[in-house]
Amino acid sequence: MKELFSNFYDLIMNTIAALGVYGPILGCLLIVLESIFPPLPLFVFITMNFIAFGKVIGFIISWICTCIGCLIAYILVKKFLRNFVLRKIRNIDLLTKCLHYIENLSITKITVILSIPFTPAFMMNIAAGVSNMSIKKFLPAILISKILLVYFWGIVGTGLVESFKNPSSLITVGIMLLIAYITSFLIKKIFKLD
């Protein structure tokens, strides 16, 4: 079993090495696109950057790309979809109340919500773009929250890849994921986001 994990680890590392400089560039583009198209797995691309560039440079690149992606999504929604969405939901009380709630959130609350690994950031980008939330409130929240998010997924991702070489490190990854899940659950309850 340990040999199977070791072979899988070698496959991942060889794939990243074979892609050369194009692997991290592709990873950066995919990180930006993930903020617009949420089915893409953000933690995989962050992990690629952490492995390819190291934890410091990989973190910086992933953080910048994630922030750019969120900002692009916010601007696209604000410029092109906001009026259409507002026309469609103006008679739906629950959605208009949600928008008012979101636009009245403080920068601190937005930052905390966006820094939780299991929060659908894509939905927050859309909600911020549709609501009257200003870029002066949205941008600092994104810049701060993505520091924690990128670091978390980078450490979990590299820990997961390392676990293929050393399966005992899966315990650390499992504990980190459990703590993140419990924290996100508690914050959702505190902010009444259910």
Side-chain angles (χ1 to χ4, degrees), residues 7-82 84-85 102 107 110-131 133-165 173 176-177 180 184:
N7 290 340
F8 193 66
Y9 173 80
D10 291 340
L11 174 69
I12 291 169
M13 298 309 284
N14 291 337
T15 303
I16 290 172
L19 289 171
V21 73
Y22 299 109
I25 290 171
L26 179 64
C28 292
L29 290 174
L30 290 172
I31 286 172
V32 170
L33 286 176
E34 187 276 337
S35 297
I36 301 166
F37 304 107
L40 296 173
L42 178 64
F43 84 94
V44 171
F45 311 133
I46 291 173
T47 301
M48 279 177 52
N49 285 340
F50 270 57
I51 291 171
F53 292 115
K55 289 182 179 173
V56 175
I57 303 297
F59 166 78
I60 292 169
I61 291 170
S62 298
W63 174 70
I64 290 170
C65 291
T66 303
C67 292
I68 289 171
C70 289
L71 197 56
I72 289 171
Y74 169 83
I75 291 169
L76 288 175
V77 170
K78 190 71 101 181
K79 295 280 184 195
F80 301 109
L81 294 176
R82 183 175 189 267
F84 172 76
V85 172
I102 288 167
I107 290 177
I110 297 167
T111 303
V112 169
I113 292 167
L114 288 173
S115 65
I116 301 168
F118 298 103
T119 299
F122 172 73
M123 292 304 292
M124 195 64 186
N125 296 339
I126 291 174
V130 171
S131 72
M133 186 182 297
S134 71
I135 197 160
K136 290 178 183 178
K137 186 189 277 189
F138 183 71
L139 186 58
I142 289 295
L143 293 174
I144 296 166
S145 66
K146 296 305 175 185
I147 291 171
L148 301 171
L149 186 81
V150 167
Y151 182 75
F152 174 82
W153 284 124
I155 296 302
V156 168
T158 52
L160 195 58
V161 170
E162 286 294 319
S163 72
F164 295 125
K165 190 166 64 173
V173 172
M176 285 183 71
L177 287 171
S184 70

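What you are looking at is a predicted structure, and each value in this text was computed from that prediction instead of being measured.
For F122, the side chain to side chain contact (heavy atoms under 4.5 Å, CB included) criterion is met by P38, I126, not counting sequence neighbours. With sequence neighbours excluded, no residue forms a ring-ring contact (aromatic ring centres under 6.0 Å, His included) with F45.
Taking CG of L114 as the reference point, atom CZ of F138 lies at 6.5 Å (rounded to 0.5 Å). To the nearest 0.5 Å, atoms CD1 (I46) and CZ (F59) are separated by 9.5 Å. Considering CD1 of I75 and CG of N125, their distance stands at 11.0 Å, rounded to 0.5 Å.
Closest heavy-atom contact between F50 and T158: CB-CG2, 3.6 Å. Annotation for K136 and I107: closest pair O-CD1, 4.2 Å, computed over non-hydrogen atoms. Nearest approach of T47 to W153, heavy atoms of both residues: OG1-O, 3.9 Å.
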Name each donor-acceptor pair under 3.5 Å that joins a side chain in residues 143-151 to protein atoms two or more places apart or in another chain, with its distance.
from	atom 1	to	atom 2	distance (Å)
S145	OG	A141	O	2.8
S145	OG	I142	O	3.4

Throw together a table of side-chain donor-acceptor distances under 3.5 angstrom for residues 66-74, partners on residues two or more places apart or in other chains.
from	atom 1	to	atom 2	distance (Å)
T66	OG1	S62	O	2.7
Y74	OH	M133	O	2.6
Y74	OH	I135	N	3.2

